[in-house]
Each structure stands twice: as C-alpha cells, then as structure tokens.
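The structure appears below as structure tokens.
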Amino acid sequence: MSDSLLTDHPIFDVPNANELYYEVEQDTIRRNLLVVRGSDVILAVGKSLRITSLIDTKGPGSSKASYKTLYAPHVDFNITQMSLSPEGKFLAVAGAHQLAIVILPRPTYSRLPTADVECRSLKVGEYYHAAHGTARIAQVYWHPWGRAGCSLLVMTSDGVLREYDVSSQAEEPLQTLYFLPQKSRRRGYQADRGAEQIVSFTFGKGVADWGPLTVYALSRSGDIYAVAPFLPTHADVPYQYLTYLEAFVKAKRDVAARTKGPEGSASASTAAAYDQQFKYVSALMKQASATGSTLGKGSVAHIRRPESGILAANPARQGPFLLQPEPPEFEDSAFNDACDILYLSYGFDAPAPDQEDESTSMASRQEYLGVILVSHVDGRVDVLLDLTKMEAVWEGETTPSEETPLPILSVFETIDLGIFATVSHGQALNLLSDNYVALSVDPLRPQSVFAYHAFGVHILDLRIWMDLLSSAMHKANAIGKKAGMNLADALSQVPGTQVKWVLDTFSDEEKASAPVVAAVPVNNPSVTYNLLAITSAYEPVPLDLLPATDVAPPRNDTASQNPDIQALVSQRPPYVTLLSKEKYDVPPMGEFARGITTSNPANRYMSTQTLLAFREHMNKADGKTQTLQKYVDAASKRMTLQEKELERQVDALNKAKARLAALQAGGQDMLQGRLKRAADTQRDLGKRLDRLLQQCMNNSSAKLSEVEREWFNELAELKAKITADGTGHSLQERADAVIDRHNLLRKDLQEIRSAEPQAKPPQTLGTVQLKSVHSRLSTE
C-alpha cells in the first residue's frame with residue numbers, strides 16, 4: 001500500500017477527534033490506540049474499535065477502501081491503550097481504570113456484508129478494575145511464555161501486578177505481586193506522592209540466568225524495582241533455557257558449598273539462597289521431564305508454577321536500584337517524572353551444551369550486555385547497563401535485610417531528545433505536563449528503539465556502541481587480568497546513541513502540538529515496511545524505515561526534522577532559466593571582416609598558377625561560408641530560446657505582481673486587526689496591573705497568624721485525603737469503590753435469590769378453628 005492510500009483511508013476519518021482525546025482525564029498516561037495483526041490494522045476510536053485489511057486496498061486497481069467496526073459489548077469505556085496477544089487471537093483493551101478482552105475475528109471478516117462485526121468479549125478483574133475507587137491502570141502486557149498466549153499482566157499505579165488467565169479465569173488474578181510497600185494506615189501527609197505510583201514495567205532477558213524471570217517496575221519518581229523469579233501460572237518455557245539455568249544455578253551452589261562458613265555468616269546465607277534456587281529450578285525440570293519434552297532447539301516444556309512448600313512463597317521485592325553515576329538532569333526543569341522502561345539485550349542464541357565448537361563461546365555474549373532505557377517527561381532517556389544480573393530471592397528467610405546493599409545499575413549515557421529545549425524556546429513548557437515518552441523496539445532491528453510522545457517520534461539507534469562495547473567486554477573477559485584496562489579504553493572510545501527526530505508535531509507559532517498516540521511498525525510482505533504514527537487528531541503519518549542503514553544524527557536546521565517541510569521543499573525547486581541548459585559562446589566575427597585577398601594581384605594574365613590560386617581561394621571561401629552558416633544557425637536557435645525565456649520571465653513576473661498585490665490587499669487588513677488586538681490587550685493588561693498593584697498595596701501589611709496557617713494546612717490535607725487523585729486511596733474513591741462493590745455483590749445476591757425455590761404463602765385459620773381458639777382462651 002502506498003503512503004497516499006494509507007493516509008487517505010476512511011478508517012482514520014474521525015469527526016471531533018480532539019474531543020475524544022480530551023474526554024480522558026488529562027494526566028501523564030500511556031496511550032496506544034493502534035495495533036497491527038499481520039496485514040490487519042485495528043484502531044481505537046473512543047469506545048469503539050475499527051479494523052481493516054491492508055491487502056484489500058493494495059494497488060491502484062483495488063476496490064474502494066473501507067473498514068468494519070468491531071462490536072464488543074463489554075467495551076463501554078474510553079480506550080487509552082491496547083495490547084495484542086502473542087497468538088493474535090485476543091486483544092486487551094484498557095481504559096484509565098477498566099479492562100476488557102476482545103476475541104478478534106478470523107481474517108475472513110472482510111467478506112461479511114455488514115459494516116459491524118460482532119465479537120465475543122469479557123471484563124477482566126471487574127472487582128479490581130472498576131470505574132470508581134480503583135487505582136489507575138498503568139500498563140497491560142501479555143507474557144510471551146504464557147500457555148497459548150493467555151497470560152495477561154496488569155500493572156496498576158499502586159504498584160500491584162496481577163496475572164489473569166483469560167482462557168479459564170478472568171475475574172480473579174492467579175498471581176499478585178507488590179512492587180510498593182503496602183499503604184500505611186497511620187495519619188500523615190506524604191510529601192513525595194510520585195514515589196507511590198508505578199508507571200511502567202518490563203521483563204529482563206538472558207540465556208543462562210534469571211533475566212527472563214525478572215520483572216522490572218518503574219515509579220514516577222524514577223526508582224526502579226525488581227522481582228525474581230516470576231513465571232506465569234501456566235507457562236510454556238523453552239527447554240533449552242531450563243537446561244542452561246539449571247547448570248548455572250548448580251555451578252553457583254557448588255562454589256558456595258565449598259566456601260560455606262559457620263551458621264549465621266554471610267557465606268552461609270548465600271549458600272542457603274543458592275540451595276533454594278536449585279530446588280526451584282529442579283522442580284521446573286521435573287515437570288519438564290514429565291511432559292516428555294526432549295532436548296533440542298525450539299522445544300517447549302509445559303510448566304506449572306510451583307505452589308507447594310517453600311517454593312510457593314512469593315518472590316521478594318528488590319530495590320530501589322542505585323544509579324552510578326547519578327544521571328544528570330536539565331537545568332530549570334520541573335518535569336522530571338519518569339514515563340517508561342524498556343529492557344534490551346545484545347548477543348546470539350546459545351547452542352546446546354553438547355556442542356563444543358566456536359559458536360559456544362560466541363553464544364555466551366548474550367548475557368554480557370543488558371541495557372535498560374528509562375524515559376522522562378522532559379525528553380531525557382537514561383541508558384543503563386545491567387552488568388550485575390538479578391538473583392532469585394523469595395520472601396521469608398532469604399529476603400534481603402536492611403544491611404544488604406541495594407542492586408546497582410551503571411549509567412552509560414543520558415540522551416537528550418531535544419523536547420525540553422524546543423518547548424523552552426517556544427515558551428510552551430505547560431505542554432510537558434501531559435507528555436508521555438513511550439518506548440518500543442524495532443522488530444527487525446532489536447538495537448533500534450522508537451520513542452513517541454506529545455511532540456512527535458524519535459528513533460534511537462544503539463547498534464554501533466552496543467556492538468563495540470559487547471565485543472570489548474567479551475575480549476576483556478577472555479584476557480582476565482587486563483579486563484579493567486581494556487574495558488576502560490573501550491568505554492572512552494565507544495560513541496553514543498544516534499538520535500533522529502523523524503516526526504515533529506510541535507508548532508512554534510501556535511504554541512501547540514499534536515500528541516502522537518501510537519507508533520507501530522508495519523512489518524508485512526504485502527506492504528512497505530514503515531512506522532505508522534497516529535496523532536491525537538487521528539491523522540496517520542507513515543515513516544519509511546531504512547532496511548539496514550545507519551540512522552543519521554539530527555541536523556540543526558528545522559527542515560531536516562520535519563518531513564512535511566522536506567516534502568514541501570522538494571516539491572518547490574528554485575527557478576531555473578532555460579538559458580542555463582546549454583552554454584553559448586559568441587562566434588569570432590573578426591576573421592570574416594578581413595575578406596579574401598589574392599596572392600598575386602599584379603599578374604593580369606591567366607596561368608596555371610593563377611588557376612591554382614583561384615581554387616585555393618574558393619575552397620577557403622566555401623569553408624568560411626559553412627562556418628558562418630553554422631554560427632548563424634546557432635545564433636538563431638539562441639534567439640528563439642531567449643524569446644521563450646523572456647515569455648517565461650514575464651509570466652513569472654506577472655504572477656509575482658499578482659501575488660504581491662493580493663498579499664498587500666489582504667495583509668493590510670490583517671495587520672490592522674493584529675495591531676488593534678495588540679492595543680486592546682495592552683490596555684487590558686494595564687488595567688489588570690493597576691488593580692493588582694492596588695491589591696498588593698492594600699494587603700502589604702496583612703499577615704496570617706499561626707492559627708490561620710495551621711487551619712489552612714489542615715484544610716489542604718483534608719482536601720488531599722478526600723479528593724480523588726487516581727491512586728484509589730482517597731475517601732471519595734474509597735466510597736465509590738464500596739458502592740461499586742456493593743452493586744456487584746447485590747447483583748450476585750439477586751441471582752442467588754432468584755435461583756432459590758419460592759416459599760409457600762402462609763395459610764390462615766378458618767371460622768370454626770377461630771371459634772375453638774377463642775373459646776379455649778376464654779376458659780383459661
């Protein structure tokens with residue numbers, strides 16, 4: 001599909017698009033309103049879902065482009081983000097507080113005659129993710145090792161990670177992890193409220209360590225926490241990974257056993273921790289062997305998370321991580337909140353242990369270099385190196401104590417996307433309050449990262465320095481003692497990340513920007529490989545992705561950062577005159593002015609010499625005549641070209657005069673209007689300044705007493721406790737939560753009551769029976 005067909009597709013025709021964008025509470029929140037399933041594009045518009053196939057509209061001879069609407073009854077909220085399952089069957093649709101699953105139709109949906117396609121859907125964790133009184137949904141993510149792609153992970157802003165199995169039990173979570181300490185019930189005011197909110201999470205990577213079983217969570221204040229090990233309740237784990245992990249843990253356990261000290265020492269605690277890790281891995285290997293899995297590349301073991309004994313304990317929270325050295329911050333920047341976290345790794349797939357060749361040493365490079373990217377609201381991206389891999393730790397005896405040192409991440413560099421400088425120059429810093437820098441990986445080049453935000457799209461290319469640094473670390477590990485020196489030399493010579501601002505949606509004149517709500521790579525053989533970005537006005541912007549070339553660093557000129565300006569410049573080349581196509585030299589006419597003279601003018605008689613002289617002169621005359629004719633033809637052609645050029649220049653001049661007259665006619669009125677508005681604004685500002693100055697003079701001597709200050713502080717604290725802030729802990733949100741949960745329980749009670757058999761109505765006594773009763777009562 002060409003870019004014109006994609007941008008003109010009716011699926012992106014959304015009336016009142018900006019109103020739909022601002023219906024959601026305006027806060028720093030993740031947005032992803034577009035997903036791609038093969039050749040199908042799914043777009044979220046308010047509370048509805050649209051789908052279309054790129055193949056149906058491919059080529060100039062195809063039928064008219066159209067789309068269909070997916071009817072999902074449980075999607076009754078404004079959609080803020082979507083996530084497609086690994087198998088492409090389920091679509092997780094999340095709002096600010098609610099969550100639902102939509103079962104996508106088969107690819108034959110395009111043959112249906114109706115414009116609406118009815119889809120099955122269901123609510124997920126309705127008790128925990130309600131419209132009122134619950135924490136905001138920070139991110140939804142499908143675990144890549146979930147069985148049949150049914151393991152859905154939901155992170156809320158209060159730091160609770162829940163796992164749902166959408167194929168069997170979508171109402172209650174199978175696992176619950178806490179990345180923040182439980183809220184204290186003591187009274188008081190927390191100064192740093194950002195530290196209480198989680199904004200994003202990601203999974204680690206590795207070949208023979210705990211990386212794939214590690215979950216990293218990022219708080220709004222920039223703190224990073226980790227939990228390991230985490231495995232879906234029903235998981236399909238690569239058998240090869242389990243084999244390497246077992247060998248890795250067994251080797252560490254044997255070393256710790258040989259150096260084990262007395263009971264209570266640090267070495268004894270380390271040996272106990274490695275014993276528990278080995279029990280955990282052994283339990284997984286027993287299940288893998290029971291399923292009949294065989295050793296080989298690509299084989300998968302069906303695993304169920306251990307739920308008995310000490311292995312059933314929840315993994316302990318580790319962190320916050322220490323960042324060394326401390327990453328720099330922008331001067332005069334009040335927008336330092338963190339947004340998103342992403343984990344990258346560099347290396348090759350490890351071969352089987354029985355393969356003893358050169359590829360065995362090459363495969364170990366995978367675990368040498370792990371990179372964590374952390375984005376911030378003001379456009380900073382911290383690049384962190386995961387040099388010390390995480391260890392599996394459980395709650396209980398092996399939980400790290402207060403004396404245990406915190407884990408460390410090495411800061412490699414801090415990338416400046418140029419957002420803060422751009423809005424600072426344009427005096428539009430208020431736009432940063434709603435900015436969210438989302439990170440995603442290029443599927444074809446894992447060392448390239450897409451970053452989309454409220455001001456456009458960036459591409460970060462880490463391939464060059466990751467390749468050089470991983471090679472240096474591999475060589476440093478091989479030479480042993482000189483490792484530190486060689487690694488230091490490599491770090492001093494490694495270049496930084498190459499950054500390119502491929503889409504700039506900020507307008508310096510209007511002091512406004514069109515936020516990008518999605519940026520998804522379209523990787524399908526039937527269409528061009530590009531990055532499809534969608535703005536808040538549902539305007540599609542396809543960005544071509546080079547197949548294997550380096551990403552050029554950004555230039556200083558504004559045109560290089562805006563593809564629309566580049567296209568405009570390329571379509572309007574400068575004026576080129578027709579006279580510059582061919583070079584014209586004035587012929588030397590001096591030789592023709594001298595004429596032809598005889599060599600023997602005194603000889604009056606004809607002779608042989610005279611005839612020879614006449615023939616020589618005739619030949620010269622014929623040559624000069626031909627040369628003169630050639631000069632005349634060239635001059636005639638040049639004169640015709642000059643006449644055409646004169647007509648073109650006169651026409652261009654007339655157009656320029658007409659445009660100048662139009663600008664002068666309309667520009668005078670516009671200038672007068674702007675001057676009048678400026679004068680009125682200046683007059684109003686003068687009046688406001690006078691009133692403000694008078695108020696300052698009247699209140700200069702007024703001071704608040706200590707009792708009044710305490711009263712106002714108490715009012716502020718009460719307002720913070722009562723007013724909803726999105727965390728689910730305020731009185732208003734707790735009351736709304738109680739009402740919602742009462743309604744849910746009331747609905748269940750009504751269903752139970754309706755299912756019970758109806759009681760028989762009470763029977764009344766007859767007349768004769770009543771007389772007998774009255775007579776006995778009177779006798780007594």
Side-chain angles (χ1 to χ4, degrees), residues 23-30 47 73-81 92-101 121-140 152-166 169-190 192-199 217 219-220 314 714-756:
E23 282 183 2
V24 183
E25 51 183 315
Q26 291 304 302
D27 198 356
T28 302
I29 187 173
R30 176 186 295 271
K47 301 179 181 180
H74 289 92
V75 182
D76 53 356
F77 49 85
N78 288 318
I79 303 172
T80 58
Q81 56 178 308
V93 180
H97 298 272
Q98 297 172 281
L99 179 63
I101 297 296
S121 62
L122 67 156
K123 282 290 183 70
V124 177
E126 190 174 4
Y127 185 80
Y128 307 96
H129 312 295
H132 302 287
T134 58
R136 178 184 299 147
I137 296 177
Q139 186 179 1
V140 293
L152 179 64
L153 304 179
V154 182
M155 175 69 79
T156 52
S157 60
D158 56 356
V160 181
L161 179 66
R162 297 179 175 92
E163 181 207 354
Y164 297 93
D165 190 346
V166 299
Q169 187 177 1
E171 286 295 329
E172 292 293 330
L174 300 180
Q175 292 189 73
T176 302
L177 298 181
Y178 299 93
F179 284 87
L180 293 177
Q182 296 299 301
K183 185 175 179 62
S184 177
R185 295 299 180 184
R186 63 180 179 85
R187 299 183 59 184
Y189 180 75
Q190 298 290 339
D192 187 7
R193 301 187 63 86
E196 298 181 355
Q197 299 183 13
I198 296 295
V199 294
S219 69
R220 188 177 297 276
N314 292 327
E714 186 176 356
L715 288 179
E717 292 180 2
L718 290 175
K719 182 179 180 181
K721 293 178 181 179
I722 296 174
T723 308
D725 56 356
T727 60
H729 301 309
S730 64
L731 295 179
Q732 180 180 351
E733 292 174 329
R734 291 166 61 185
D736 294 338
V738 171
I739 294 175
D740 291 343
R741 293 168 186 175
H742 175 266
N743 294 334
L744 291 176
L745 296 176
R746 184 179 181 182
K747 186 188 304 182
D748 297 338
L749 290 176
Q750 291 177 354
E751 293 178 356
I752 295 173
R753 182 178 299 174
S754 61
E756 294 179 353

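Taking a cutoff of 4.0 Å between a charged side-chain nitrogen and a carboxylate oxygen, Lys123 and Asp76 qualify as a salt bridge.
Going from atom CD1 of Ile722 over to atom CD of Glu717 covers 11.5 Å, rounded to the nearest 0.5 Å. Once rounded to the nearest 0.5 Å, the distance linking OH of Tyr127 with CG of Leu745 reads 6.5 Å. Expressed to the nearest 0.5 Å, how far CD1 of Ile79 lies from CG of Leu99 amounts to 11.0 Å. Ile739 contributes atom CD1, which lies 13.5 Å from atom CZ of Arg734 (distance to the nearest 0.5 angstrom). Between the CD1 atom in Ile198 and the CZ atom in Arg136 there is a gap of 13.5 Å [rounded to 0.5 Å]. Here Leu177 contributes atom CG and Leu153 contributes atom CG; the two are 9.0 Å apart, rounded to the nearest 0.5 Å.
Counting heavy atoms from C-beta on, the side chains of Ile137 and Val154 come closer than 4.5 Å. In this structure, Leu152 and Ile101 have side chains that are in contact, with non-hydrogen atoms separated by less than 4.5 Å.
Contact between Ala94 and Val140 at its shortest, heavy atoms only, is CB-CG1, 4.1 Å. Contact record, Ala100 with Val75: CB-CG2, 4.3 Å, taken as the closest heavy-atom pair. In terms of heavy-atom proximity, Asn78 sits nearest to Lys47 at OD1-CG, 3.6 Å. Here the closest non-hydrogen pair linking Met155 and Ala217 is CE-CB, 4.2 Å.
Judged as a side-chain hydrogen bond (donor to acceptor under 3.5 Å, both in side chains), the pairs with a partner in residues 156-165 (not counting sequence neighbours) are, in order, His129-Tyr164, Ser151-Glu163, Thr156-Asp158, Glu163-Gln175, Glu163-Thr233, Asp165-Ser167, Asp165-Ser168.
Between the Thr723 side chain and the Ala720 main chain, no donor and acceptor come within less than 3.5 Å of each other. The closest donor-acceptor contact from the side chain of His74 to the backbone of Ser121 lies under 3.5 Å.
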Using the rule given for side-chain contact (heavy atoms from CB on, under 4.5 Å), can you reason through Val160 versus Thr176, listing the C-alpha separation, both sets of side-chain angles and the distance that settles it, and then say yes or no? CA-CA 7 Å; Val160 181; Thr176 302; 3.5 Å; yes
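The local environment of CZ in Phe77 is crowded, with over 12 non-hydrogen atoms from other residues, nucleotides or ligands closer than 6.0 Å.
Side-chain contact annotation: Glu733 with Ser730, donor-acceptor N/O pair under 3.5 Å present.
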